[in-house]
Engineer: 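The structure under discussion is supplied below as structure tokens; questions concerning it will follow.
Throughout, protein chains are lettered first and strands after them, A, B, ... in sequence-line order, and every chain is numbered starting at 1. Computation of the quantities below employed the complete heavy-atom set of this structure, encompassing side-chain atoms and omitting hydrogens, waters and symmetry-equivalent molecules.
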Amino acid sequence: MKPDLKVNIAGVEFANPLMTASGCCGYGEELADIFPLAKLGALVTKSISLNPRLGHPPPRTAEVRSGMLNAIGLANVGIEKFISDKIPFLDKQPTKIIVNVAGSKLAEYVEVCSKLNDFESVSMIELNISCPNVDEGGMEFGSDPVMTEKSLKAVKKVFDRPIIAKLSPNVTSIVEIAKAAEQGGADAFSVINSLVGMAVDAESWHTKITNNKGGLTGPAIKPVALQMVHAVYSHSSLPIIGIGGIQSTTDVIEFLLCGATAVQIGTALFKDPMLFIKIEKELLQYMKRKKCNTIYDLIGKVRKY
Amino acid sequence: MKPDLKVNIAGVEFANPLMTASGCCGYGEELADIFPLAKLGALVTKSISLNPRLGHPPPRTAEVRSGMLNAIGLANVGIEKFISDKIPFLDKQPTKIIVNVAGSKLAEYVEVCSKLNDFESVSMIELNISCPNVDEGGMEFGSDPVMTEKSLKAVKKVFDRPIIAKLSPNVTSIVEIAKAAEQGGADAFSVINSLVGMAVDAESWHTKITNNKGGLTGPAIKPVALQMVHAVYSHSSLPIIGIGGIQSTTDVIEFLLCGATAVQIGTALFKDPMLFIKIEKELLQYMKRKKCNTIYDLIGKVRKY
Amino acid sequence: MIKPTCDDTILEKKRNLKNRYFSFTFKPFSLVKKCKPGHFVQLELPNTDIYFRRPFSIASVTSDGDIEIIFKIFGKGTALLAELAKGGTVNLLGPLGKSFTFPKKNEQTIIIAGGVGFPPLMYLAVEMIAKGYNPKSIHFFYGGRTTDDIIEKSRIKKLGVNFYPVTEDGSYGTKGLVTKPVEEFIQSSDSKMRIYSCGPTGMLKAADSLGLKYSVPGQLSLEAPMPCGVGICLGCVVEKNDGTHARVCCDGPIFEIGEIKL
Amino acid sequence: MIKPTCDDTILEKKRNLKNRYFSFTFKPFSLVKKCKPGHFVQLELPNTDIYFRRPFSIASVTSDGDIEIIFKIFGKGTALLAELAKGGTVNLLGPLGKSFTFPKKNEQTIIIAGGVGFPPLMYLAVEMIAKGYNPKSIHFFYGGRTTDDIIEKSRIKKLGVNFYPVTEDGSYGTKGLVTKPVEEFIQSSDSKMRIYSCGPTGMLKAADSLGLKYSVPGQLSLEAPMPCGVGICLGCVVEKNDGTHARVCCDGPIFEIGEIKL
Ligand SMILES: Cc1cc2nc3c(=O)[nH]c(=O)nc-3n(C[C@H](O)[C@H](O)[C@H](O)COP(=O)(O)OP(=O)(O)OC[C@H]3O[C@@H](n4cnc5c(N)ncnc54)[C@H](O)[C@@H]3O)c2cc1C
Ligand SMILES: Cc1cc2nc3c(=O)[nH]c(=O)nc-3n(C[C@H](O)[C@H](O)[C@H](O)COP(=O)(O)OP(=O)(O)OC[C@H]3O[C@@H](n4cnc5c(N)ncnc54)[C@H](O)[C@@H]3O)c2cc1C
Ligand SMILES: Cc1cc2nc3c(=O)[nH]c(=O)nc-3n(C[C@H](O)[C@H](O)[C@H](O)COP(=O)(O)O)c2cc1C
Ligand SMILES: Cc1cc2nc3c(=O)[nH]c(=O)nc-3n(C[C@H](O)[C@H](O)[C@H](O)COP(=O)(O)O)c2cc1C
Ligand code: FES
Ligand code: FES
């Protein structure tokens with residue numbers, strides 16, 4: 001019997017637990033040229049904000065040991081153009097669509113989410129709360145439990161379908177933030193967004209990217225991500241989408257064992273945009289070998305040594 | 001002219017800015033067998049606690065991408081044995097000695113520091129405030145500004161010489177904690193201690209180390225460490241000892257450029273216990289080439305791209 | 001965009017051209033027939049501590065699956081690549097990016113190559129001639145600091161194009177910067193012309209300026225750090241003169257003269 | 001502890017012994033004269049995505065700087081090592097750890113080897129004979145799952161020791177587990193004896209039990225994950241029967257029978 005890859009997150013069924021990570025596949029057009037998107041459980045879009053954003057000036061990426069640093073700066077087309085130009089394409093894709101939403105004020109999140117509510121093809125929203133809140137002195141929404149709960153409550157009022165809170169790892173207690181998001185009505189968690197990092201060129205004395213800091217992603221952050229997935233899993237019953245440094249089938253399994261119901265892959269797509277094809281095949285082989293009938297036979301099954 | 005490697009931290013002069021990181025060279029005995037400790041600006045000891053600690057049962061390390069995970073569990077001989085067995089050896093070493101102190105209650109920190117006050121060979125104490133506070137529900141001392149300030153104030157009362165606060169990276173704002181430590185009387189900062197991480201074996205479904213979580217160290221964390229050094233440097237005038245993933249002369253320079261006055265090397269010693277010899281030589285060559293007369297010509301000189 | 005492939009290929013032929021320059025021929029690459037001058041491939045360095053693939057322009061292809069790159073040891077990735085033994089396996093992702101638009105048949109082609117900008121322009125010249133362009137309508141300016149930077153001379157000469165080597169120290173060809181003889185050529189000619197340039201930023205800037213100054217259209221092939229090479233990371237953007245951003249990997253690497261803020 | 005060195009050595013000789021077993025000889029290692037049976041080296045895999053060095057027991061040395069290791073492909077690190085071309089450079093840190101204590105001259109030596117526990121015990125036998133021990137006082141029990149796990153047979157036989165190969169499937173030597181013939185030997189002998197064992201945990205446990213049961217002293221060589229190999233990380237500890245911890249790298253890897261909780 002072929003193992004069943006289906007997973008259900010907050011009532012939405014996904015063909016498999018494999019998703020793209022926000023910001024690592026644009027709006028899906030380029031990937032669709034490379035492999036059949038039906039291989040994906042879901043496509044998660046680049047963060048959409050109210051207004052279009054050009055993002056930071058180049059250079060905005062730097063390679064680091066086992067990963068990269070980025071200061072893309074949430075470059076995106078803005079919600080209007082997303083609706084007019086991108087949704088028609090996404091509508092036709094043979095996979096579920098999750099739209100990632102970003103903002104710099106609470107009102108912006110609300111406006112973007114309420115506009116997305118009209119589009120049935122948007123199965124879920126993933127709320128990127130790792131954005132600086134300009135109203136409150138630039139502190140990230142997702143670094144404060146009160147702001148986190150408030151944000152979730154506000155967007156839940158305007159979007160009918162499930163909302164995923166995408167949690168930042170740059171906090172003292174991710175469990176505390178997860179609880180606040182759950183309190184605010186989050187239906188699931190994405191764990192984790194990028195770590196904050198910096199890279200310097202010892203010859204020129206310049207930072208390697210435009211900003212002093214950027215987002216650290218890739219295999220370097222996998223241990224941090226696994227621990228945070230496990231911590232949230234141990235303190236909440238909401239489904240978790242595990243993210244951070246996944247680049248192989250083994251990595252996917254590790255995240256499932258730590259409590260993730262699904263996973264997202266970001267940086268590793270840059271090395272291998274066809275990675276999903278390989279992982280789907282190998283995951284089925286692994287499940288057969290380990291006699292797992294469904295993904296649920298793996299979720300949270302890690303044992304303390 | 002030979003560039004001058006000397007640095008001064010809180011009135012203590014070091015022959016060069018290169019130090020061992022706590023927990024990565026025991027009490028110096030093994031390293032002294034391998035290379036002349038005079039090559040070190042300072043030797044920083046394994047964390048010393050009031051009572052001896054066996055540490056966690058094995059396995060307590062696991063290799064991860066560009067680094068490692070450890071759950072050594074602060075194994076150490078305890079302050080009594082440290083004083084009787086280790087200080088006599090350290091006394092004779094041709095390098096400065098910094099003793100790292102850990103505890104699970106504030107009273108323990110105070111007792112250990114007050115005992116160390118009698119030993120002039122202990123130039124400074126490095127306070128490891130990344131320890132769970134058993135009195136306050138296991139929250140780390142260093143994750144809360146109030147506890148941080150209180151800890152520093154308490155130990156400053158019993159130890160005459162400078163105290164370095166070793167900051168944890170697992171916090172929402174390391175700058176806030178640094179400010180609290182400064183308020184409490186810290187004379188310098190060590191930035192950073194290990195990140196929290198986890199590793200799982202996808203075959204056996206077991207965690208790879210005894211604990212569910214451990215400390216992530218090595219090159220994987222360098223971008224996080226550089227950013228935190230730079231953030232603290234930008235908000236405080238106290239000297240900073242940069243730590244995290246250093247394994248080459250270039251890495252050392254990057255930390256100096258980001259604002260560190262000195263650096264500590266931990267995990268990389270496990271790959272190459274003679275590393276300091278190479279770095280000291282190459283650092284001198286670099287300084288000559290870049291026409292830097294002193295280390296101070298490098299400190300904080302990073303430029304935003 | 002062409003739908004790229006991701007092939008494990010074998011290093012068939014390895015030539016150390018000069019100093020730090022190498023020609024590597026890989027085989028079989030299934031999409032050789034889709035490759036055009038200007039396209040590039042992303043080459044993986046597996047099991048190393050180099051995280052991303054490295055981009056290299058295609059220098060030539062043969063119909064039976066050979067694909068050649070010519071590279072210079074620049075940093076650690078290219079140094080490790082140079083150590084690869086003949087017979088070793090390398091994964092190639094490609095062909096990627098846009099290719100050069102061929103000139104009109106009545107135009108004189110001015111090629112301005114420098115350093116590792118040489119390979120795609122050699123490929124362009126070869127393909128143009130294969131497509132029936134008169135070799136004598138191609139003016140191949142090739143600049144370097146010294147004679148050591150001018151590689152594969154005989155290969156260019158054999159094409160029968162007009163070859164103008166220029167070195168800063170005069171150790172081969174004309175002495176000076178390549179842009180001076182190019183400008184003289186443009187000034188002295190009253191045919192229609194088109195510029196193609198790939199090389200260091202300074203050279204691209206000069207080519208861009210010359211094109212704008214003398215109203216000669218043309219294309220530049222740019223470089224940028226390229227995490228993905230397929231347009232999904234937005235890491236390789238450059239600023240356009242209209243204030244927007246363009247991705248070098250898929251909106252380029254070939255851009256029109258006057259399009260990009262250099 | 002011997003003050004170790006950190007030498008860049010050349011892979012002089014590479015032999016694929018059988019299946020996944022290899023013998024690599026490196027040269028020159030400046031401290032060969034300090035090496036003793038039981039010592040190991042930490043071998044670096046530079047420029048790879050393997051972070052730590054890998055520990056290997058010394059299998060033999062020659063006075064002119066050759067140092068041999070024998071290894072089995074186990075995971076990624078050893079797989080990459082096996083691909084290293086002859087002439088390649090590898091950095092060796094060593095010699096590390098404690099060495100075996102030689103038996104008293106009147107004792108019968110019982111060697112119990114398994115898998116990659118074989119190399120240090122072969123080195124022990126060779127050195128004992130060089131030091132004048134009677135080869136016939138050495139009883140070399142060598143266990144494996146099948147004949148493929150028994151390597152370098154002729155090298156052992158040439159030493160003139162008593163050789164007792166044992167395989168689980170009976171494909172070579174006696175059929176069964178190596179501990180049965182060892183126990184029979186101990187029971188049948190009334191000389192003084194000493195056990196030396198290195199191999200999989202099950203074998204070490206059995207050797208430890210036999211030693212305790214029959215009051216035969218001896219030493220076991222242990223394995224543990226070893227980030228440093230020089231005693232500074234505390235990562236390689238094992239629990240001793242007295243409740244304390246011992247570092248395998250420098251308090252061992254050689255421990256007395258009965259010392260460690262196995
Ligand atoms: C479209 C394209 C085509 C190219 N064609 C060729 C060719 O045919 N022959 C050739 O020799 N070289 C070519 N290059 C340049 C080649 O890719 C670089 O020399 C190579 O990536 C250097 O890698 P390294 O590890 O040796 O250097 P390192 O300096 O160790 O690493 C390069 C790092 O710098 C970053 N980076 C910063 N600026 C650039 C930049 N301008 N280009 C590339 N990476 C950058 C990369 O992301 C990478 O992380 C091309 C580059 C591009 C973008
Ligand atoms: C003192 C000593 C002597 C040894 N001598 C030999 C020898 O002569 N020949 C030989 O073939 N092998 C020997 N080994 C075992 C050898 O070191 C391992 O097979 C090798 O490290 C595996 O590396 P890998 O990358 O192929 O495997 P992987 O499984 O990919 O990596 C090994 C990883 O597992 C960890 N690990 C977990 N348990 C162990 C363990 N018991 N031993 C080592 N690493 C472990 C390591 O830290 C490393 O991160 C010895 C080990 C030790 C400790
Ligand atoms: C280039 C780049 C751009 C990203 N942009 C976004 C974004 O717009 N919104 C968001 O929520 N996360 C963004 N991320 C974070 C990823 O979605 C993901 O959380 C992170 O990269 C960790 O996963 P990885 O290690 O698999 O890349 C971005 C990451 C990268 C590398
Ligand atoms: C095995 C190990 C043990 C450590 N023990 C301690 C400790 O006892 N006290 C402490 O403050 N830090 C300890 N650390 C953290 C290091 O001092 C250092 O902050 C961290 O490893 C980051 O530096 P690195 O990447 O150079 O290793 C330990 C780190 C390792 C790897
Ligand atoms: S390299 Fe990723 S978008 Fe161009
Ligand atoms: S391997 Fe580090 S103490 Fe033994």
Side-chain angles (χ1 to χ4, degrees), chain A residues 20-36 43 46-47 52-77 203 208-210 214-215 217-220 245 247 266-275 277-278, chain C residues 1-8 31 34 41-55 74-77 91-97 201 222-240 242-252 260-262:
Chain A
T20 57
S22 176
C24 302
C25 65
Y27 312 103
E29 288 131 328
E30 293 84 0
L31 275 195
D33 280 344
I34 295 177
F35 73 91
L43 184 123
K46 175 100 196 116
S47 277
R53 291 173 58 105
L54 196 55
H56 292 127
R60 45 193 202 179
T61 59
E63 192 180 44
V64 297
R65 283 293 295 254
S66 298
M68 73 182 280
L69 215 56
N70 87 77
I72 305 295
L74 295 178
N76 80 96
V77 296
E203 275 308 309
K208 288 194 182 171
I209 50 176
T210 313
T217 61
Q247 63 176 1
T267 309
L269 293 183
F270 304 162
K271 293 191 71 168
D272 181 0
M274 288 114 173
L275 186 59
I277 299 177
K278 192 171 113 195
Chain C
M1 196 171 105
I2 294 170
K3 187 180 154 146
T5 186
C6 216
D7 282 353
D8 275 333
L31 294 189
K34 305 246 175 185
V41 291
Q42 285 269 58
L43 191 149
E44 196 186 13
L45 293 158
N47 301 324
T48 66
D49 53 4
I50 298 290
Y51 187 60
F52 282 123
R53 288 173 185 256
R54 295 289 188 254
F74 178 78
K76 186 162 180 187
N91 189 279
L92 296 187
L93 171 66
L96 302 172
T201 312
L222 266 59
E223 280 191 15
M226 285 193 179
C228 77
V230 298
I232 59 179
C233 77
L234 308 185
C236 62
V237 296
V238 286
E239 292 174 67
K240 293 175 75 168
D242 66 7
T244 64
H245 282 163
R247 293 165 298 184
V248 173
C249 69
C250 59
D251 301 322
I260 303 295
K261 212 175 266 169
L262 284 166

Engineer: C:Ile232 and side chain to side chain contact (heavy atoms under 4.5 Å, CB included): which single residue from A:Leu31, A:Thr20, A:Ile34 fits?
Structural biologist: A:Leu31

Engineer: Go through the atoms of A:Ile209 and report whether side chain, backbone, both or neither lie under 4.5 Å from a heavy atom of chain C.
Structural biologist: neither

Engineer: At what distance, to the nearest 0.5 angstrom, does NE2 of C:His245 lie from CD1 of A:Ile72?
Structural biologist: 10.0 Å

Engineer: Need one label for C:Val238: side chain, backbone, both or neither, based on atoms under 4.5 Å from any heavy atom in chain A.
Structural biologist: backbone

Engineer: Could you grab the distance from atom SG of C:Cys6 to atom NZ of A:Lys271, nearest 0.5 Å is fine?
Structural biologist: 11.0 Å

Engineer: Is a donor on one side and an acceptor on the other found under 3.5 Å between the side chain of A:Arg60 and the backbone of C:Leu234?
Structural biologist: yes

Engineer: For C:Gly243 and A:Leu54, which heavy atoms make the closest approach, and how far apart are they?
Structural biologist: O-CD2, 3.5 Å

Engineer: When only pairs under 4.5 Å are counted, which of A:Pro59, A:Gly28, A:Gly55, A:Cys25 shares the most heavy-atom pairs with chain C?
Structural biologist: A:Cys25

Engineer: Within a 6.0 Å radius of atom NZ on C:Lys261, are there more than 12 heavy atoms belonging to other residues, nucleotides or ligands?
Structural biologist: yes

Engineer: Can you tell me how far apart OG1 (C:Thr5) and CE (A:Met274) are? Round to the nearest 0.5 Å.
Structural biologist: 5.5 Å

Engineer: For the side chain of A:Glu63 and the backbone of C:Tyr51, is there at least one donor-acceptor N/O pair under 3.5 Å apart?
Structural biologist: yes

Engineer: Can you name the nearest heavy-atom pair linking A:Pro58 to C:Glu239, along with the distance?
Structural biologist: CD-OE2, 3.9 Å

Engineer: Roughly how far, to the nearest 0.5 Å, is the CD atom of A:Glu30 from the SG atom of C:Cys228?
Structural biologist: 8.5 Å

Engineer: From A:Phe270 CZ over to C:Met226 CE, what is the distance, rounded to the nearest 0.5 angstrom?
Structural biologist: 13.5 Å

